[in-house]
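Everything below concerns the one structure shown next.
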Amino acid sequence: MVSRTPLILLACGSFNPITNMHMRLFELARDHLQKTGRYQVIEGIMSPVNDDYRKKGLVSARHRIAMAKLALETSDWIRVDPWESEQETWTETVKVLRGAATNLRSGDPTYKSFDLAQLQLKHHYNESLRLLQSKKEFMKNKWPIERSTEDPLSYEHSVLPELKLLCGADFLQTFKTPNLWKEEHIKEIVEKFGLVCISRAGSDPAQYISESDLLTQFQHNIFLVKEWIQNEISATQIRYALCRGLSVKYLIPDSVISYIARHNIYTEESERENEGHLLQPLKLYNTTVNPLND
Amino acid sequence: MAMEDPDKKTEVVLLACGSFNPITNMHLRLFELAKDYLHETGKYKVIKGIISPVGDAYKKKGLISANHRVTMAKLATKNSDWVEVDDWESSQSEWLETLKVLRYHHQKLLSPDPTNSLQNAIPLTKPGRKRKQEPNRHDPVKKKNQSPDIKSVPQVKLLCGSDMLESFGIPNLWKLEDITEIVENHGLVCISRAGNSVQKFIYESDILWRHKNNIHLVEEWITNDISSTKIRRALRRGQSIRYLVPDVVQAYIEKNNLYSPESEDRNAGVVLAPLQKHASDSKN
């Protein structure tokens, strides 16, 4: 009986606003990883980017966090983490990953919001396992035969979960954008953590990976998941629709639609936010003197 | 009777016929897109959306009991203030042509009389003319409360995706006179993906071309390919369908264990009702 490695999926992004597609990414990733037989996905974390990212049309993190929380109310395994958005400046993705991992290892109080001390992790763990066990009981006849003999409680409680970055294939391709990423960060992400990359129609991540020596070297740690049910709800299109008074029902949760209406979040004005500004990572990596201390 | 004022809006009811096996977020989206589109023309006011699941007698492969399909659709539309489910079609013992369902709902709209008989599915002449022929007909309460910018005769339009429109071309699936009456007397609102072949299909059909003003093509820019077939496939494979169908529908499916390899085999080898009917009609 092979015991599975516990795994946590972390998605970074604007979530401006959160959509059904964002949440789908988690579901797809979990199904895929469970199917490998090597992993047990115990948690999904959504980490909305800091306002300091300065992306055009980015509304206040306060709202983006609130909307994500509303959307995830009905999920029993995915949650929002406001840590990244609460920092004073924009944080590189690799640092968000490092912070989460550090906290998993030592319950480091400087990464307060994750607050995943070993004890809490075990609790989480057990909860997830309990939920999984009862779901499995129900779905017993549907799951492939090789799974029915598993005993989820065979996991070692002292085994630390792995943390992997969840993203879309277009995210992978941003590695190519000059000055957006530091080479050593990309390496750390794929080597120390790993990527779970959901591909949409029209993008061929396998080819892109083969074109990059770095990514090819760590391709065993890049999980490609194909989305066969196309559901390309871009947040940009959602914002356009909202500005034009068009319906977005069934594309984002009702609770998020109400929130947006109540606070009048997306308008022509909000869309102009950060117009003319350079994205923070581009600004940082363009300077010859890098004030950041890695 | 006064001439119809071109500034007044026509009231429209959108009717969607289909298996809804199960209902998905994409089905629900069709209504929203159609409503937005019609409102933006400035000529229509959409007053209601109706989901009419097909009866079990349709005999499509994998079609589960109408009871479940109607229940799921009702759950899915519980928090919609304008889209509702109608089970008249699904409660008939025989399969009904789409045109009959359209006629039924149109009759119901003109005179909200609780007779559920098939008699309501009688042929309709062009909207407007019928009222002239029956001047003594009691005006439905609705009309008395009408606001001044509404035209007097509401319409029921068939809401569909490009696959349904293009199915007009499948031999023996539709009767030519039905298609004619649908586009001539009622109208279509057809939602399709950008880059579709619907316009070409309409161009290549004399009947559709003649009534193209009554065929509203709406482009869906947000690619949304959530077909019921794919949902059922995912369920058979133990994959998640969350965020593709309303949560309540997903919960209902799970609780009742609705879709399996067995359910997918239902009606295997059976000829689809319309094909059977039209084949035997042509024999007679």
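Lettering of chains follows the sequences in order, A, B, ..., and the numbering in each one begins at 1. All figures in this text were calculated on a predicted structure; none of them were measured in a lab.
By the 4.0 Å N-to-carboxylate-O rule, B:E219 lies too far from B:R193 to be salt-bridged with it.
There is no contact between B:L33 and chain A, counting heavy-atom distances below 4.5 Å. Using a 4.5 Å cut-off between heavy atoms, A:S75 contacts chain B through both its backbone and its side chain.
A donor and an acceptor atom, one from each side chain of B:N25 and B:Y243, are nowhere located under 3.5 Å apart. Side-chain contact, A:N20 with A:Y250: no donor N or O sits under 3.5 Å from an acceptor N or O.
Here A:T74 is the residue among A:T74, A:V248, A:L28, A:D254 with the most heavy-atom pairs under 4.5 Å with chain B. Between chain A and the residues B:I231, B:D247, B:N79, the largest count of heavy-atom pairs under 4.5 Å involves B:N79. Per-residue counts of heavy-atom pairs under 4.5 Å with chain B were compared for A:H32, A:R244, A:E27, A:M21; the largest is that of A:E27.
Taking the ring centre of A:W228 as origin, the terminal cationic atom of B:K230 falls outside the region bounded by 6.0 Å and 45° from the ring axis. Seen from the ring of A:F26, A:R30 does not count as a face-on cation partner, given the 6.0 Å and 45° thresholds.
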